[in-house]
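Convention: sequence-line order gives letters A, B, ...; per-chain numbering from 1.
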Amino acid sequence: MSGDGGRVYVGNLDRSAKRAKDLVMGKLRMGRAVDWATAFSLWPVHLTTSCCGCEFAATWSPRFDAEQHGALPWVGARQTNMILIEGTVSKKMACAVRVTWEQMPSPKFAIAMGACAIDGGIFYNSYNIVRPWEIIPVDVYIPGCPPRPEAVARAIIELQRKIRQKRVVSKWIEEGWRPDKEYVAPKEDPCSWWRG
Amino acid sequence: MDVEELKKRIEEALGGLVKGIEEGKGFIDVIVDLDNIVEAASRLKELGFDHVKSLTVIDYPKENRFRVIYHASSYLDEELAKYIVGIGADVPRDNPRMPTLVYVWRGVEFQEREVYEFFGIEFTGHPDMRPLLLVPQLAEAKPLRKEFIVKEEPIIRVKPPTG
Ligand code: SF4
């Protein structure tokens, strides 16, 4: 793309984008800045699947104030880059979780909160739950039933540390996929009950 | 008003419909015939029990019956508001159908749907008899019946993937 007497020519956009990326990430070494910026703008999407959601709300309340870590719950999946699974995921909710995850732009991260999200918790052995790690790739787990707001804040800090030390985001942008984590595809379609 | 008086008032209101009254600590259950339950419920409503707090079912596979119990109470009548009265009936297990009480107490609509998916009891005349919470495939298995076997999971599992 170049300006010429007020006219703009549009070339091969893919190639231009790749060259711009190479310039920014390679020559200018913006990677660290990207990691740093992403670590302090982790915006979780509002998707309250279970009772842990109360602690999630308390975490962002004035007393614990998780906004000081640069995290701000936001409404739409398309404007967020983190998903905080709040406790139990029932079979119907698994569909919503996966659809929300697919809608979020990458680089995106997941935190699983509560005993239920780790291995069922009090719903262990139940016929109606799904483990979140079966449907999306989870970065940090928070044990507890429910975890205290401090624990949630700790998980956010842990995720920030991971992003900055392992340089997850810059590598993700450079390579086009996430190098340090397997892509999780659900074994069976969580929305099959709905599509019929 | 004490429990004895309440019992007397209920018996008066229901007349000959009462099959038995079961009493426990803090509650009374009025058992009626399945055919009379709509009539009995409307009479209870006239007495002042204006809403249903919960709807529950007990499964007795050996006796081949379900017991369906509606727990009714009152908001407007201060005397009755201290009590919760159960009105119930026995539903045969091999033909689980009963008349709906939606037109007596509007609030039971969703609870009857829930009973329908968990126990497979069909409420005839219900305006919207679909599963409510479960996915349809699971609702067909009727998970709260006694014969539904939950797949047991071992206590020790492989660790979930970390990274
Ligand atoms: S871990 Fe506890 S608080 Fe959290 S969803 Fe499960 S039961 Fe609820």
Side-chain angles (χ1 to χ4, degrees), chain A residues 49-50 85 88-96 109-112 114-121 123-143 155 158-159 162-163 165-166 168 178-185 188-196, chain B residues 53-61 66-68 91 93 96 107-123 126-163:
Chain A
T49 52
S50 198
I85 306 283
T88 341
V89 181
S90 66
K91 283 211 170 132
K92 257 191 183 171
M93 219 45 202
C95 174
F109 305 93
I111 295 179
C116 295
I118 296 175
D119 214 358
F123 302 106
Y124 189 74
N125 240 346
S126 167
Y127 48 83
N128 199 28
I129 61 158
V130 172
R131 269 55 169 196
W133 41 268
E134 287 170 355
I135 42 176
I136 57 171
V138 177
D139 288 291
V140 182
Y141 292 89
I142 317 173
E158 190 68 21
L159 185 57
K162 194 167 153 181
I163 290 171
Q165 285 191 354
K166 292 199 183 172
V168 176
R178 189 168 176 182
D180 67 326
K181 189 120 186 121
E182 291 270 312
Y183 180 77
V184 171
E188 49 189 89
D189 181 9
C191 298
S192 57
W193 59 270
W194 173 57
R195 300 209 180 93
Chain B
K53 284 203 187 295
S54 79
L55 165 55
T56 184
V57 179
I58 310 161
D59 185 3
Y60 297 102
F66 292 113
R67 169 154 293 175
V68 183
V91 180
R93 226 160 171 283
V108 296
E109 180 179 345
F110 275 35
Q111 304 192 20
E112 286 184 350
R113 275 175 69 181
E114 209 181 329
V115 164
Y116 168 65
E117 68 183 347
F118 280 112
F119 288 92
I121 296 177
E122 230 173 279
F123 293 87
H126 191 285
D128 184 17
M129 197 87 272
R130 284 178 301 143
L132 176 64
L133 301 170
L134 300 179
V135 301
Q137 293 89 327
L138 199 54
E140 265 160 40
K142 297 169 190 111
L144 285 197
R145 283 195 182 189
K146 286 268 161 67
E147 70 251 19
F148 181 88
I149 307 292
V150 176
K151 206 175 83 203
E152 294 235 346
E153 293 168 346
I155 298 296
I156 301 159
R157 289 179 60 99
V158 279
K159 265 194 273 168
T162 52

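Proximity to chain A (any heavy atom under 4.5 Å) is restricted, for B:L138, to the side chain, taken from C-beta onward.
A:N125 approaches B:K151 most closely through the heavy-atom pair OD1-O, 3.0 Å. Shortest non-hydrogen contact noted between A:K91 and B:V135 is CB-CG1, 3.9 Å.
Shown here is A:E188, whose CD atom has no more than 12 heavy atoms of other residues, nucleotides or ligands within 6.0 Å.
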